[in-house]
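Before any comments, here is the structure.
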Amino acid sequence: MSYMRILILIACFSFFLSSAGCNGSGNNRQIGSASGPEYVIAIHGGAGTLSRERMSQEQEREYLDKLNEALQAGEAILKNGGTSLQAICAAIIIMEDSPLFNAGKGAVFTNRKQVELDASVMTGNTLSAGAIAGVTDIRNPILGAIAVMENSPHVMLAGKGASDFAAEQGLEIVDNSYFHTRRRLDDVTRQIEQEKYGTVGAVALDSYGNLAAGTSTGGMSNKKYGRIGDSPIIGAGNYANNNTCAVSATGHGEFFIRQVVAYDISAKMEYARLSLEEAAGKVIYEKLTDAGGTGGVVAVDRFGNVSMPFNTSGMYRGYIKSTGEKKIAIFRE
Ligand code: ASP
């Protein structure tokens with residue numbers, strides 16, 4: 001995608017947010033981030049059995065560049081005084097629009113060779129949340145989730161109701177074929193293990209001390225049509241609470257739902273007084289792993305600490321802090 005297209009997207013997106021009453025100004029609460037960074041954004045582009053041997057250098061570069069582009073889009077917003085919600089959404093839109101990831105364009109196919117998308121968002125200062133599930137035609141599902149949060153009395157809308165609502169909200173509606181790519185069609189036909197996951201997500205802390213989390217996905221390749229994963233389920237694939245942390249998950253959704261992964265990380269911080277690193281590590285490396293689940297999370301706490309544990313061989317991931325600290329990686333190190 002050209003640089004110009006990104007700028008246009010961000011401008012349109014900011015307009016949508018302000019018209020959706022989501023510019024963050026009314027909710028800003030200066031809780032202060034002590035001596036930590038002023039802002040942080042962390043993203044993921046899915047976890048799975050990723051191996052260096054099976055990925056060409058060119059493919060690796062493509063992924064790293066796209067992750068970098070998404071991080072930079074989010075950071076530009078945070079640097080200019082934007083909110084964590086605006087930042088995570090800018091980053092997620094870039095990944096939804098890229099055929100590299102299993103969200104928006106390039107999402108995996110169901111067993112009926114159609115694309116069905118799930119997404120959710122949550123803001124840590126108000127505990128507001130929005131989600132859409134099983135939609136087939138909202139070009140940027142994350143915007144659908146924001147619209148539900150901002151402009152409806154509900155938390156989740158599914159299927160045709162979600163699409164009709166998104167259309168009423170002025171969001172772009174596309175034919176299901178817009179999401180299709182040859183690579184994902186081959187995956188569903190051949191069930192390639194390497195391509196199992198690929199959900200996208202982002203978490204951020206803004207300079208007002210507010211956390212936000214967002215997750216967007218096509219789900220799991222060859223899923224039964226109608227199946228809903230963890231990504232749109234608040235507390236499973238996504239959670240944000242200013243008292244603790246913001247979490248976005250990727251992995252085998254059924255396990256993340258049963259283990260209530262995202263909320264469990266927050267709860268361990270709130271009730272057991274664990275640090276973000278301890279809480280996220282315990283949930284991913286012990287609870288999820290012991291249950292047989294695979295995947296990981298990106299998480300940031302209210303002090304700007306970042307944790308990105310995963311129990312697969314790789315996870316597309318990265319973060320950037322206002323201090324200049326930055327990391328982008330795919331494989332286990
Ligand atoms: N968690 C997603 C789901 O189960 C899949 C993924 O993370 O790639 O729907």
Side-chain angles (χ1 to χ4, degrees), residues 42-50 63 67 92 95-96 98-111 114-122 131-136 141-142 144-145 156 158-159 179 181 183-184 187-188 191-203 213-239 247-265 280 283-284 288-289 291-299 308-317 330:
I43 61 173
H44 69 79
T49 44
L50 304 165
Y63 275 104
L67 291 169
I92 289 173
M95 293 187 283
E96 283 181 341
S98 165
L100 292 175
F101 304 101
N102 171 19
K105 185 160 186 67
V108 298
F109 285 85
T110 66
N111 63 346
Q114 232 214 351
V115 164
E116 293 179 359
L117 304 156
D118 304 332
S120 66
V121 289
M122 185 162 185
I132 50 131
V135 300
T136 57
I142 199 71
M156 186 188 288
F179 302 110
T181 55
R183 169 185 164 205
R184 297 298 189 191
D187 289 354
V188 75
Q191 269 300 284
I192 296 173
E193 188 66 10
Q194 164 119 339
E195 308 292 351
K196 206 163 168 188
Y197 307 133
T199 292
V200 307
V203 290
T215 308
S216 179
T217 190
M220 290 176 71
S221 187
N222 205 26
K223 66 185 180 183
K224 266 197 201 314
Y225 77 100
R227 177 262 191 190
I228 307 293
D230 60 312
S231 307
I233 298 185
I234 301 303
N238 204 54
Y239 191 72
V247 180
S248 173
T250 174
H252 195 148
E254 280 69 11
F255 288 88
F256 282 70
I257 295 172
R258 289 192 293 252
Q259 302 279 325
V260 202
V261 164
Y263 178 72
D264 197 21
I265 294 172
V283 172
I284 298 300
L288 182 74
T289 305
T294 49
V297 297
V298 293
M308 306 193 289
F310 56 96
N311 67 4
T312 47
S313 55
M315 181 168 82
Y316 300 104
R317 63 199 186 278
I330 300 176

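What you see below is based on every heavy atom in this structure, not just the backbone, and it leaves out hydrogens, waters and symmetry mates. Computed from a predicted model, the values in this text were never measured in an experiment. Every number for a ligand or one of its atoms is a count from 1 in the order of the listing. The first residue in the sequence is number 1, and the count goes up from there.
Counting heavy atoms from C-beta on, the side chains of V297 and V261 come closer than 4.5 Å. The shortest side-chain heavy-atom distance between N102 and M220 does not fall under the 4.5 Å cut-off.
Less than 4.0 angstrom separates some heavy atom of G198 from each of these atoms of ligand 1: 8 (O). Applying the 4.0 Å criterion to heavy atoms of G219 picks out, from ligand 1, the atoms 5 (C), 9 (O). Taking every heavy atom of T250 and a limit of under 4.0 angstrom, the matching atoms of ligand 1 come to 6 (C), 7 (O), 8 (O). Interface atoms of ligand 1 facing D230, defined by a heavy-atom separation under 4.0 Å, are 1 (N), 2 (C), 3 (C), 4 (O), 9 (O).
Residues satisfying the side-chain hydrogen bond (donor to acceptor under 3.5 Å, both in side chains) test with D264, not counting sequence neighbours, are K268, K287. Checked against ring-ring contact (aromatic ring centres under 6.0 Å, His included), F310 has no partners two or more places apart in sequence or in another chain.
In terms of heavy atoms, M95 sits closest to V200 at CB-CG1, 3.6 Å.
Assignment of G251 to the shell around ligand 1 is supported, since a heavy atom sits closer than 4.0 Å. Note on ligand 1: R227 sits in its first shell, one or more heavy atoms being nearer than 4.0 Å.
The residue among I257, T199, T215 with a heavy atom at the shortest distance from atom 8 (O) of ligand 1 is T199.
For ligand 1, none of its N or O atoms has an N or O atom of A249 under 3.5 Å away.
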Worksheet item: Where do R227 and E254 land on the salt bridge (charged side-chain N to carboxylate O under 4.0 Å, His left out) test, with the steps shown first?
Response: CA-CA 10 Å; R227 177 262 191 190; E254 280 69 11; 2.8 Å; yes
